[in-house]
Amino acid sequence: MTDLLASLNPEQREAATNTDGPLLILAGAGSGKTRVIAHRIAYLIGDKHVAPWNILAVTFTNKAAQEMRERVQRLLRGQELQSSPLVSTFHSLCVRILRQDIEKLNENYTRTFTIYDQDDSLRLIKNCLKELGFDDKSIGPRAVQGAISGAKNRGEDVEEYAAAGQYADDRRASIARVYRAYEERLHQNNALDFDDLLIKTVALLKSNAEVRDKYNNRFRYILVDEYQDTNMLQFELIQLLTEKQQNICVVGDEDQSIYKWRGADIGNILNFESHFPEAKTIRLEQNYRSTQVILDVAGSVVTHNVARKGKSLWTSNPRGDRVRYYQALDAEAEARFVAMKILEHREKEAEMRAAVLYRTNSQSRVFEEAMRRAALSYNIVGGFSFYERMEVRDIIAYLKLALNPNDSIALQRVINSPPRGIGKHTIDEIERRANDAGVSLWQTIQLVFEDPQSLNPRAVTALKRFQHLIRGLGELASATSTETEVPKGEITKTRDSARVVHSSSPVSDLVKAAILETGYELALKEERNDEADARLENLQELVNAAVDYDELGPEALREFIDHSALVSDADQYKRDAQVTLMTAHSAKGLEFPLVFIVGLEDGLFPHSRSAKDPAELEEERRLCYVAMTRAERYLYVTHATKRRVYGAELASEPSQFLNEMPLELIEDLTLGKSWLSFARGSSRIEYEHGEYRKEKKTYAGKTYNSVDSIADFFKQRAVQLGQPTPGSRNAASSGQRPRQAPSGNDGVRLQSGDFPPGSYVRHAKYGRGLVLRREGAGESLKLTVSFPGYGQKKLVQKFANLEPA
DNA sequence: TAAAGAAAGTTTTTT
DNA sequence: ACTTTCTTTA
């Protein structure tokens with residue numbers, strides 16, 4: 001053990017061995033955070049002889065948990081252990097606790113509760129909206145879901161939310177009604193959504209001293225990773241669990257806080273010392289990951305944030321190459337450039353792993369294609385994950401029904417997939433009657449048999465067959481499930497038969513049954529096309545995944561289903577893939593020798609949704625910082641000058657974050673003129689850059705100088721293209737001329753109200769904006785205008801009431 | 001009822 | 001552009 005610790009630097013060693021009492025580790029990017037946690041766990045077990053069972057490490061993602069488990073295992077290699085430390089995400093920890101003790105909460109939930117993931121929850125919300133008669137389009141289900149989740153994460157229950165809504169607008173009052181209905185339905189269905197997992201666990205630990213004691217005694221040493229991203233509920237959970245021993249160690253970095261939108265409270269890490277008065281603080285500031293240049297560029301961007309304590313990250317690594325920049329014509333050209341560069345790097349160093357980081361999942365598509373064309377094997381994290389595929393979710397829904405046919409959301413999902421003659425009319429009728437009678441859809445089906453009313457015999461027969469199908473799956477499942485599901489007299493018999501089935505793989509058998517007996521496989525085989533074949537393959541994968549649960553005992557099926565809800569990105573990140581494509585968010589905690597940050601455009605990264613709030617813009621900047629600091633040796637930043645958004649082609653400006661990088665540390669790989677070469681050639685901008693930095697501390701908002709340099713860039717391009725531009729006689733002499741906003745009135749040939757690209761306009765609502773693009777003519781002349789703070793808007797000139805500005 | 005065609009919404013990030 | 005959902009038709 002001692003030699004293991006010898007590989008740590010003094011601060012790291014201090015952090016690993018300071019095991020008792022509250023400890024805050026402020027760990028900068030690449031400072032060996034995961035290493036320290038792993039060593040700390042190994043030290044607790046190997047040197048302090050703490051039982052592994054008494055150690056809990058909590059992470060946010062399964063990826064991080066997996067990584068941590070492997071690291072600890074490697075450190076403890078060769079040692080015989082009685083148990084292993086629990087390394088878990090917040091959500092699976094809560095499931096674990098609730099599956100054990102939720103009945104002690106006395107809210108009428110049973111241990112067999114179902115978990116509704118985001119998709120299930122959205123379906124339920126849609127049902128509630130329908131039921132409450134919100135059939136107008138004024139209130140979108142997604143918006144409601146966001147509002148409810150937000151309320152839940154702020155700790156507001158229905159009553160509190162409704163009370164707060166009393167004095168607010170109608171919209172909020174409507175949402176409160178949906179919230180109430182949603183909660184009732186969840187409860188009726190014995191279901192918990194993702195937020196409830198935390199809420200109910202906290203409520204349970206708060207209300208029941210016995211349970212609290214039990215877990216306090218079990219988890220004597222607790223570690224929390226990415227502590228800057230914890231929200232109120234997670235903080236409460238940690239506080240309740242560490243009430244007794246206070247052996248709480250948290251690791252985090254304020255500069256990497258990127259989940260405020262999900263309710264994360266940065267105050268948790270900033271105020272750790274006041275929450276836990278005995279706390280020690282250790283700073284890890286030596287970076288082992290990146291070159292000095294990469295750190296300098298990343299640091300330069302993040303220093304533009306005002307709400308920041310600031311810290312110094314240093315490295316003894318080589319300076320490294322400059323950050324490389326490329327301006328592509330469009331998204332396709334951007335992807336081609338990235339693929340080409342990856343090939344070049346791999347030619348020099350065969351094992352070079354690369355990551356392509358983008359802001360939104362929708363950007364992944366072009367990169368996938370480019371990788372395929374370049375014959376690079378790639379790996380996508382996030383987006384449409386395996387368990388989110390339609391066919392996989394359908395089969396899971398059948399399995400959920402096998403355990404609990406009253407799960408109306410699952411039933412709704414598969415009652416007619418594959419098509420079995422239960423059409424829209426029939427389903428509507430059943431829903432209506434279920435609502436009237438206040439029972440589940442499953443129970444209503446039985447009622448239909450007793451009194452078919454308007455339903456025709458064909459539909460009734462189809463329902464009979466469906467009922468029979470689900471019952472059959474249910475019987476198969478109860479052979480592998482707990483005793484509680486079975487009538488008392490049959491317990492012995494059932495358990496015996498469970499054992500028999502057990503040795504011949506019960507969970508995977510059940511999955512197979514759900515694929516075969518439901519007619520799912522047949523329906524896909526009959527389609528005879530590539531897509532159906534791919535789906536069949538996915539289902540085979542699902543069976544394979546289930547095999548891992550075959551030896552797990554009576555709760556195996558339940559655990560498999562839980563896993564499918566909580567482990568949405570299971571094993572998606574394969575460490576040795578040549579290329580990994582993912583969002584900047586997903587990349588947190590990972591590192592690659594070669595990193596591309598793509599789509600650095602205004603409105604995309606930073607995202608337009610973050611433009612109105614300076615705090616959100618700062619979060620975008622931290623996200624950019626996180627992305628940049630993933631790079632070990634080579635970092636590329638790229639953007640495109642036009643990009644399709646919702647099918648329409650839009651001109652895009654360079655991201656202000658590019659303007660915040662030190663230009664002398666950037667190498668321009670663009671063929672021909674780029675925004676960067678322009679910005680460089682303009683001494684005025686360099687000068688303003690210096691000025692801007694001095695003023696920075698007083699202004700938290702958007703970097704307007706970037707917009708100005710970008711405006712000049714567009715004007716220059718217009719000149720090159722020979723398009724008439726207001727003030728074009730001046731623009732030819734590039735950025736050297738005195739700063740003056742072009743005006744629609746000063747060109748002789750231009751009428752007032754004519755707005756070419758590069759000119760400024762004023763809009764009643766959005767204020768002053770830069771015209772990027774014109775299309776159409778006469779009545780339907782449309783302008784694409786970028787408004788600081790609002791992003792790009794496409795306006796019909798005739799109706800937009802624009803004035804020159 | 002199911003398939004085919006039309007219209008509407010989608011894309012911020014995640015457990 | 002693409003996918004989901006609504007509407008029409010056989």
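Quantities reported herein were computed from a predicted structural model and do not represent experimental measurements. Just so we're on the same page: letters track the sequence lines, and every chain starts at 1.
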Phosphate OP1/OP2 of C:dT5: any A:K126 side-chain N/O under 4.0 Å = yes
Rounded interatomic separation in angstrom, taking CZ from A:R644 and P from C:dC2 = 8 Å
Assign each of A:T583 and A:H425 to its nearest nucleotide of DNA chain B by heavy atoms, then name whichever residue's nucleotide is nearer the 5' end.
-> A:H425
How long is the line joining CD1 of A:I115 and P of B:dT14, in whole Å?
-> 20 Å
When the distance from CG of A:N361 to P of C:dT3 is rounded to whole Å, what number comes out?
-> 14 Å
Which part of the nucleic acid, if any, lies within reach of A:S92 when heavy atoms closer than 4.0 Å are counted: base, sugar-phosphate only, or nothing?
-> nothing
Name the residue closer to the 5' end of DNA chain B, choosing between A:T89 and A:V645 according to the nucleotide with the nearest heavy atom.
-> A:V645
Check whether any side-chain nitrogen or oxygen of A:R365 sits under 4.0 Å from OP1 or OP2 of B:dT11, and answer yes or no.
-> no
Have a look at A:F60 and say if it touches a base, only the backbone sugar-phosphate, or nothing, with a 4.0 Å heavy-atom cut-off.
-> sugar-phosphate
Taking atom P in both B:dT13 and C:dT4, compute the distance separating them and give it to the nearest angstrom.
-> 15 Å
Short side-chain to backbone donor-acceptor contact, A:D394 and A:E391, under 3.5 Å = no
Between B:dT1, B:dT10, B:dT12, which nucleotide has the shortest distance from any of its atoms to the side chain of A:R359?
-> B:dT12
Using atom CG of A:L650 as one end and atom C1' of B:dT11 as the other, report the distance to the nearest whole Å.
-> 13 Å
Using whole Å, report how far CE of A:M582 lies from C1' of B:dT13.
-> 14 Å
Test item: A:T230 side-chain N/O and A:E226 main-chain N/O as donor-acceptor pair under 3.5 Å | no
Tell me whether the OP1 or OP2 atom of B:dT12 has a side-chain N or O from A:S362 closer than 4.0 Å.
-> no
Does B:dT15 have OP1 or OP2 sitting under 4.0 Å from an N or O in the side chain of A:N231?
-> no
May I ask you to say what A:F605 touches in the nucleic acid, namely base, sugar-phosphate or nothing, with a heavy-atom cut-off under 4.0 Å?
-> nothing
Start at the 5' end of DNA chain C and walk down; is the nucleotide closest to A:K424 or to A:Y646 reached first?
-> A:Y646
Could you check A:H639 against A:F605 for ring-ring contact (aromatic ring centres under 6.0 Å, His included), going step by step and ending with a plain yes or no?
-> CA-CA 10 Å; A:H639 68 106; A:F605 198 173; over 10 Å; no
A:Y259 vs A:F60 aromatic rings, parallel, tilted or perpendicular, using cut-offs 30° and 60°?
-> parallel
Does A:S586 put a side-chain nitrogen or oxygen below 4.0 Å from OP1 or OP2 of B:dT14?
-> yes
Between atom CG in A:L93 and atom P in B:dT15, what is the gap in whole Å?
-> 16 Å
Is the aromatic ring centre of A:H607 closer than 5.5 Å to the centre of the six-membered base ring of B:dT12, with the two planes inclined by less than 30°?
-> yes
Expressed in angstrom and rounded to an integer, what is the separation of A:Q412 atom CD from C:dT5 atom P?
-> 12 Å
A:R609 side-chain N/O to B:dT12 phosphate OP1/OP2 under 4.0 Å | yes
Any idea which heavy atoms bring A:T518 and A:R420 closest together, and the distance?
-> O-NH2, 3.2 Å
Whole-Å distance, A:I427 CD1 to B:dT1 P, equals 9 Å
